[in-house]
Protein chains: 2
Amino acid sequence: MTTNYSTPILRTLRASAFIDERITGALSAVHGVSLRDTMLMLYVKNAPGSKLSRIELAKRLCVSPSTVTRTTNPLEKIGLIGREADNRDARLSYVVLTPTGAKLLKNTEKTLEQLSGDFLTPKLTEKELLQLAQLLGKLTSDFPGNNTQA
Amino acid sequence: MTTNYSTPILRTLRASAFIDERITGALSAVHGVSLRDTMLMLYVKNAPGSKLSRIELAKRLCVSPSTVTRTTNPLEKIGLIGREADNRDARLSYVVLTPTGAKLLKNTEKTLEQLSGDFLTPKLTEKELLQLAQLLGKLTSDFPGNNTQA
DNA sequence: GCATTATACTTGCATATGAAAATACTTTAC
DNA sequence: GTAAAGTATTTTCATATGCAAGTATAATGC
């Protein structure tokens with residue numbers, strides 16, 4: 001029998017939909033930010049110099065540039081992120097974390113870790129978790145702006 | 001060092017977003033149906049008796065019942081799925097595949113398998129693919145309406 | 001049996017999203 | 001140096017989605 005390629009793909013999509021459904025609600029209820037907001041801020045934090053252009057963010061989040069604009073606007077308005085110009089290229093406007101944003105992100109990460117553990121530990125052993133993280137790491141290793149942490 | 005639970009979660013979400021972005025376009029371009037349409041029809045096909053109520057579909061797809069209604073309506077209109085009543089419960093209306101729908105699904109599955117292979121094979125070995133499928137299987141094993149295939 | 005509660009959808013409304021156009025700036029070609 | 005092409009971002013528009021309300025039917029309590 002030959003390998004079935006669709007199965008891991010379909011399972012990934014399903015797991016993602018399930019996780020998204022559960023975690024988004026909890027996260028925004030506790031911290032007032034969505035899962036997307038959180039991932040955006042995580043990418044900014046982990047980027048070299050802790051700043052990212054909107055285009056780079058779009059690639060990392062796998063969403064359109066318009067979505068980045070519409071995600072960052074309210075975060076900027078409530079003071080969690082800021083805007084930084086580039087000296088050489090006036091088209092660029094980097095997203096950076098404000099002190100408030102960095103502080104909130106720290107707390108949000110804790111909640112996310114808690115929620116993730118609650119979801120994962122009943123199903124997988126420590127060893128399996130490590131395996132899964134490694135395999136998904138390989139799968140996403142060539143994604144734009146990949147960093148080991150996420 | 002303690003286990004990091006967020007990483008596999010974030011990687012799953014990212015892989016899903018990436019896959020979704022790539023596969024949805026190709027799939028609808030070739031067969032005229034979206035990835036969601038395809039997953040819906042797959043769940044129907046694999047369900048006992050090859051029929052599913054809309055509520056059961058919502059659970060399997062991890063979406064709201066309204067989304068199921070709005071996904072099935074056009075599929076019904078173009079003759080890919082049908083509607084079947086329940087003898088004992090007049091509230092239920094099962095989704096079933098029409099012969100046309102079943103035929104289209106067979107072709108769509110082939111394309112999906114091809115696209116999945118193109119995405120996976122450059123990154124993981126056969127052995128790793130099997131491992132990944134197994135781990136994701138454990139992760140999604142207690143999802144409503146789980147079946148081994150997806 | 002009748003009223004209350006629960007379930008299976010469907011629809012109205014507000015929000016979220018991508019594609020493409022619009023805008024502003026930069027790079028390349030010559 | 002100027003025109004053409006390319007890039008970063010925002011905005012417009014059409015579509016997609018969840019929540020909550022609406023409708024119809026079934027199950028439960030008494």
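In the text below, chain A, chain B and the rest are named by the order of the sequence lines, each starting its count at 1.
For C:dG18, neither phosphate oxygen OP1 nor OP2 lies less than 4.0 angstrom from any side-chain nitrogen or oxygen of A:Arg70. Applying the 4.0 Å criterion to OP1 and OP2 of C:dC9, one finds that B:Ser93 has a side-chain N or O inside that range. Close to D:dA26, at under 4.0 Å from its OP1 or OP2, lies no side-chain N or O of B:Arg88. Between C:dT11 and B:Thr69, no contact under 4.0 Å exists linking OP1 or OP2 to a side-chain N or O. Between A:Arg83 and D:dT10, a side-chain N or O to OP1/OP2 separation shorter than 4.0 Å is present.
More than 12 heavy-atom neighbours from other residues, nucleotides or ligands sit within 6.0 angstrom of NZ on B:Lys123.
Here the closest heavy-atom approach between residue B:Leu132 and residue A:Leu139 is recorded as CD2-CD2, 4.2 Å. Heavy-atom minimum distance, B:Arg11 versus A:Gln134: NH1-N, 4.4 Å. Closest non-hydrogen pair, A:Leu52 versus A:Tyr43, comes out as CD1-O, 3.5 Å.
B:Val68 comes within 4.0 angstrom of no nucleic acid atom, judged by non-hydrogen atoms across all strands. Within 4.0 Å of A:Ile55, counting heavy atoms only, lies at least one base atom of the nucleic acid.
Counting only N and O atoms by type, the side chains of B:Thr69 and B:Ser66 include no donor and acceptor under 3.5 Å apart. Remark: the A:Asp20 side chain and the A:Ser16 side chain contain no N/O donor-acceptor pair separated by less than 3.5 Å.
Where A:Pro65 and A:Arg91 meet DNA chain C, the nucleotide closest to each residue was compared, and A:Pro65 sits on the side nearer the 5' end. Both A:Ala90 and A:Arg36 lie close to DNA chain C; mapped to their nearest nucleotides by heavy-atom distance, the more 5′-ward contact belongs to A:Arg36.
A donor-acceptor pair under 3.5 Å is formed between the side chain of B:Glu113 and the backbone N or O of A:Ser6. A distance-only check finds a donor-acceptor pair linking the side chain of B:Ser50 to the backbone of B:Lys45 [under 3.5 Å].
Taking the side chain of B:Leu92 as heavy atoms from C-beta on, and the options D:dG18, C:dA8, C:dT26, the nearest nucleotide is C:dA8. Nearest nucleotide to the side chain of A:Ser53, out of D:dT9, C:dC25, C:dC9: D:dT9.
Look at CZ on A:Arg22: it is 14 Å from P on D:dG18, rounded to the nearest Å. Taking atom CD on B:Glu56 and atom C1' on C:dT7, their separation rounds to 12 Å, with Å as the unit. When rounded to the nearest whole Å, the span between CD of B:Glu21 and P of C:dT17 equals 13 Å. In this structure, the CG atom of B:Leu35 is 20 Å from the P atom of D:dT15, given to the nearest Å. Atom CG in B:Asp89 sits roughly 20 Å away from atom P in D:dT23 (whole-Å rounding). Separating the CG atom of B:Leu61 from the P atom of C:dC9 is a distance of 13 Å, rounded to the nearest angstrom. The distance from atom CG of A:Asp20 to atom C1' of C:dA16 is 13 Å, rounded to the nearest whole Å. Between A:Tyr94 atom OH and D:dT9 atom P the separation is 8 Å, expressed in whole Å.
Applying the 3.5 Å distance criterion, the base of D:dA16 shares no donor-acceptor pair with the side chain of B:Thr67.
From one end of the helix from C:dG1-D:dC30 to C:dC30-D:dG1 to the other, with five pairs defining each end axis, the axis direction shifts by 30° (rounded to 10°).
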